[in-house]
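Chain letters run A, B, ... following the sequence lines, proteins first, then strands; residues in each count from 1.
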Amino acid sequence: MKATVQQATVQHGATRVNEAANGHIEIGTTPRALRSRHLLGIDGLEADEITLILDTAEAMKEIGTRAIKKVPTLRGRTVVNLFFEPSTRTRTSFEIAEKRLSADTLSIATAMSSVTKGESLLDTIRNIEAMSPDMIVMRHSSSGAPHLLARMCQSTIVNAGDGTHEHPTQALLDAFTIRSHKGRLDGLTVAIIGDLMHSRVLRSNILLLRKVGADVRVCGPATLLPAGLDRFGVAVTTSIDEALEGADVVMMLRIQQERMDGHFFPSVREYFSLFGLTRERLKRAKPDVIVMHPGPMNRGVEIDSEVADGPGSVILEQVSNGVAVRMAVLYLLAGRETAAERPERSESE
Amino acid sequence: MPQVMDADRMSRALTRIAHEILERNRGLDEIALVGIRTRGVPLARRLARSLREINGDDVPTGALDITLYRDDLMRNPVGPQPVVRRTEIPFSIDDRKILLVDDVLYTGRTIRAALDALIDFGRPRAIQLVVMVDRGHRELPIKADFVGKNLPTSLKQSVQVRLQEIDGADEVTIEGEA
């Protein structure tokens, strides 16, 4: 895996020279690029790559305001959305992003696929791969599944959420939303509150926010604090009031009951009384605080309806921004390589 | 690198083009300027200023990024994607005469991309092309309506238009041997 990334960087350096030599259409600025041809997590991204994605998303957002919301950029490219876990928002968002870039897309939900007939993950992947798609957008309940895929197959892999590990496009759209409200990311105080144990959104967000220089506080019940959180360079607390004090951004996380195989708190009512975000509590944050939630929301569990629909809430904006950010990611990754032009497996491993 | 136009000549060329635009279109009704990023944008703004000085009317002006419409995108097996910047056309182009503005007209491929992009915004009554320099060597059937300077070049040469707003000075230079 390491070797692949290094080689890709070397090749990328070489093309830059070529492009300068035969540049047909003048580009204007130095082209920048993502270093990997997959997006597996925020973990593998540098701060300048994050900025590149957010800047590109800025341009993509305008396309959604046109009468014809479509550009021909990914014409003839095939993108497969492979969702082994239920998802409405993320899958729809990826599909819209792909269609706006003119890619040919198909979505496979496991409920309707041969996975229910007992096929293994690797066999499913190999069969899809045999039809040579250019990109696979994948969600899976096992952490690391897209990483396995990236090693096994030739297509570009985009992680749309793997187990409790990462959800990189969510963190990117969150950062995009914050930046569009605050004008910057560095130096902001971001409080992330809720089910810290099961949240891939948390992990991706912490990684991203730390890379771009934001201060992160995380807060949740002691039973839902994963070990070693402090190693991520974040402040950990079990008091929501402490977490909210002077915050620029509040991110609420969903209580993921479907991932809980035990009792982590006595009752939903008790959870809401101790960790639910209410208008009264939110007064501790900065007056211009924005409230975010990756969805789906459990109203009355982690967030009060009054706050979710209140003035500082940017929750629906996050959803609209998701399309622009995913368009940016697909565009930037698509330049890396195409299935047809790729040499026979020589570069991997 | 030999200079082919200085700031003075560029400014006079733009003023002349502004007059020609008025003459050909009999006034500024339903006209709008769209500059192609990067250097078409300041040129379009300058033209808007000249047109206002001559005629007193404000002409709506927009910026078009053609990156996503380029025909050479994704042609390199492994390569960085060109940077996409924002398109800003804050007016309806339906039934308007659009003056598309760019710095250098060369192969015509940028203009092809720009025409495709513009059509996605609506159905203009007409599109006219304004360029500061036409250096020849067209690869597509495209022709400019208003030209600052016709500059015969060889394929080996490169033409640079520099603008105060972006490069700190106004000049057109030609590099490489003929």
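Chain B forms more heavy-atom pairs under 4.5 Å with one residue of A:Ile68, A:Ile63, A:Leu52 than with any other, namely A:Ile68.
Interface residue A:Lys70: only backbone heavy atoms are found under 4.5 Å from chain B. Heavy atoms of B:Asp65 lying under 4.5 Å from chain A are absent altogether. Only the side chain of B:Thr67 comes within less than 4.5 Å of a heavy atom in chain A; its backbone stays farther off.
Looking at A:Arg139 and A:Thr90, their side chains do bring a donor and an acceptor atom within 3.5 Å of each other.
With respect to the salt-bridge test (charged N to carboxylate O, under 4.0 angstrom), the residues A:Arg35 and A:Glu49 qualify.
With hydrogens and angles ignored, the 3.5 Å screen pairs no side-chain donor or acceptor of B:Thr173 with any backbone N or O of B:Pro2.
Atom CG of residue A:Asp174 and atom CD of residue A:Gln318 lie 5.0 Å apart, to the nearest 0.5 angstrom.
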